[in-house]
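The sequence lines fix the lettering, A, B, ..., with proteins before strands; numbering per chain opens at 1.
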Amino acid sequence: MRGANSAKWVAGAIVVALAATACGGSNEKGKEGEGKGKAGGSVSVGISEPKRLVPQTTTESEGSQVLDALFRPLVSYGAGNQPVEDAAESITSTDNSLWTVKIKPGQKFHDGTPVTAKSYVQGWNWGAFGPNAADGNYFFATIEGYDALNPADPDGAEGPKKAPEPTAKELSGLKVVDETTFTVKLAKPFADYKTVLGYTVFYPLPDAAIKDIKAYEQAPIGQGAFKIEGKWDHNKSIKVVKNPDYTGTNKPNVDSVTYKIYQKQETMYKDVVAGALDVIPQVPSSELANAPKQFGERFKSSPASTFQFVSFPTYDKKYSKPEVRKAISMAIDREEITKVILNDSQAPARSFVSPVVGGYRDNTCGDSCKFDPAAAKALLDKVGGIEGNKINIGYNGDGGHKEWVDATCNQVKKNLGVECVGQAVPQFAELLTQVEQKKFSGMFRMGWIMDYPSMENYLGPLFTTGGSSNYYGYSNKKFDKLVEDGRAAKTSAEAIKLWQQAEDVLVQDMPVIPLRFGKNVFAHSKNVSNVEMDLFNRVDVTKISKA
Amino acid sequence: MGRFVIRRILQMVPVFIGTTLIVYLLVTQMGGDPIQNLYGEKPVPDNIRATLTAQYHLNEPWWMQYWYYFKGLLQGNFGESIQQGRPIAELLAEAWPHTLKVAGVAFAFELVVGVVAGVLAGMRRGSFIDNLVLLSTLTVIAVPIFVLGNVSQTFLGQEWGLFPVSGTDDGLVSYLLPGLVLGSVSLAYIARLARASVAENLRADYIRTAKAKGLPKSRVVGIHVLRNSLIPVVTYLGADLGTLMGGAIVTEGIFNIPGVGYQLFTSLNVEDGPAVVGFVSLLVLVYLITALVVDMLYAVLDPRIRYE
């Protein structure tokens, strides 16, 4: 039944969230009473080898899973995924461009040094400094003075000339006011900036990290609920233990968590079945059919932020008419594919932003995303069909997309009478390069995982002119203005209104076909309870407990 | 013999340089984009791309890149992995012990069981044992290694709990199952080689002579038959040792062993040129050295073979 349509799925998500809070509540009051979640003990969670373990350079889920245990974010996401102050005492602004961040006093890093405003400023400066080549570098681009730390290469990265040396080492927009206060001056006002600050790259760095970042990475020091025990044992495990000095309210139930590092999800799955591992955050697709039988109640799913879509190359005249795009979209039966091919591990999508962000509206795409083969064929015939009567959908062969792309193609073939071919390119990077050089002819699949829960994080990078992930080159002045105005709006509520108008522009233009929203599909052993996952594909290790 | 060894060692130098060069070219000139691979499905900001390109000399001609690499190698510096940002020497030091243990288990298993089964089958051709060895080895050869690995992991590990399912937490026990799986295919070949060779030698003139002289059977088989029959087996074992190290890719993946095979596989996937070359270079060395040892063993096994 799960995922029968979007509305039901969203309702389901709310139920999950409610149940979760209920559990958390009962837990804090009567820890021994119900037998629901014993205190103490150690649990294990499966992950892949993290790429990096410095917050400013960790933008993938594995590393941020570990850092989530070691650090306490400025804001965490509460009901409706709205930001709630966590390590921060307050985050305020009168004009949405100069932000004042006050942190809660008395916090300590795991090495005993105090967490001060300086810890944040030095961490962010490190991340923003171009030559450090931090993965999360671009997150600081909104702060004033970023360009001085990241001078543009005069002839592009491929050219022979080297980029000039940065003229500054520190962001001019960051200022320490006192021990626990600092200010952030943005280059342009941004209403939802508080939401952004929950992201991994905005964690503070202790002095030890600035002194020797390589050594720090092997045993990161944070200010979170857990501290690392020993070192990052590469490709094997990372162990974290309860931090006795932790002052946050979400104190962990368990004494320690061991992140066991796996090369393959299939192996992880076998270990959970055998009881050698407690949590598998992503059940491999090959086991989706078995998992409900094998795990019963312990096989779960929860909303995630992923958004899967197929985009049209703007440089290809074949797809320039919105009618053609809409016809293809209407010829796709999203329900059938999610159910039959993907075993309900994802949910059908009919909007351009994910249901996990504030301002999401169900089915904004309307008739254009409704499965209606007859109307689709009629619409296509009205505009004279597709040039050459043949389309193709590109995908990266290394990502397990073949099955659904082929199924989608078959539907288009059957319902529109248009020849459709799935075209594999070995790697995603290659696909992107071909698209960027306008060499790839045809539609191609893309996916998006959000960085922070805001509509802007979907609309901005994916659809604005020159957006960082707008590979298909979609450009609409009206849309750009609405997104821009939303950023500059006084309040989040106003911003959301403008962004919703922007989304309506997308509905008319259909630069991409929304296909599916992601889910966390996970399972756990009999040894643990209270297993929950957040929108960033992370297991909540402060809630988990021994069964 | 001494001169032979020195000559062989000197020959290794150009072979080593040549192979590393070829591998380096293959990996770095494939036309992929190691920097994009760092970012997965997200775009790489231009300034980061510029920094990393300069750091890893990616915009310089291949011969300059190889020169940087080789210069480092002469100074005992394997360079730094693009993907993991760590010294390759460190990655090697972490990965090799695991692979050596898996390969060691596999090697011991195929040597002992393979030779014994082969000799028994060869001595009693047409008997029950012979048929059993022939049939079982045929089965093992026919089944792909990932099927063998997954099936044995599911049943022996997950269902019956006889072995740990994965990982290296249980000491040497962790390496048993992967080692047995890895060694099984070679074991089948060795058993068949030994069987054929024993059967052939049993009919040789010198064996008839030995028997006619009235030597006890144990001496005839143990010294005369076995020693000569082992030459093809040793040749195969030597070549196989290198294959075991590199070929552990599949087994190490299935059993989650962080060894050379795994590192090689991930590095290849993300076109991490320096890391691939580092690991392959050491594999080349293993091949070269085992080839030398095999050649020297010939002389030990068969006194008629002399090296000048």
Evaluate the side-chain proximity of [Y] to [X]: yes if any heavy-atom separation is below 4.5 Å, no if none is.
| X | Y | value |
| --- | --- | --- |
| Lys264(A) | Asn256(B) | no |
| Thr266(B) | Gln263(A) | no |
| His234(A) | Gln263(B) | no |
| Glu49(A) | Gln84(B) | yes |

Subject >> Rounded distance (nearest 0.5 Å) linking atom CD of Glu271(B) with atom CD of Glu430(A) >> reply: 7.0 Å
**OP:** Heavy atoms only: give me the nearest Pro258(B)-Asn235(A) pair and the separation to one decimal.
**Re:** CB-CB, 3.4 Å
**OP:** For each of Asp135(A), Ile261(A), Thr433(A), tally heavy-atom pairs with chain B at distances under 4.5 Å, and name the one with the top tally.
**Re:** Asp135(A)
Does [X], at its [atom1] atom, have more than 12 non-hydrogen atoms belonging to other residues, nucleotides or ligands within less than 6.0 Å?
| X | atom1 | value |
| --- | --- | --- |
| Tyr66(B) | OH | yes |
| Ile82(B) | CD1 | yes |
| Tyr189(B) | OH | no |

Original post:
Should the pair Glu90(B)-Lys214(A) be classified as a salt bridge under the 4.0 Å nitrogen-to-oxygen rule?
Top reply: no
Original post:
Considering only heavy atoms, which portion of Ile257(B) lies under 4.5 Å from any heavy atom of chain A: side chain, backbone, both, or neither?
Top reply: backbone
Original post:
How would you list, in number order, the residues of residues 265-276 of chain A that have a heavy atom less than 4.5 Å from chain B?
Top reply: Thr267(A), Lys270(A), Asp271(A), Val273(A), Ala274(A)
Under 4.5 Å from a heavy atom of chain B, the part of [X] involved:
| X | answer |
| --- | --- |
| Ala134(A) | backbone |
| Asn470(A) | neither |
| Leu277(A) | neither |
| Asn137(A) | side chain |
| Leu431(A) | neither |

**OP:** Sort out for me which of Asp169(B), Asn150(B), Ile35(B) touches chain A most, counting heavy-atom pairs under 4.5 Å.
**Re:** Asn150(B)
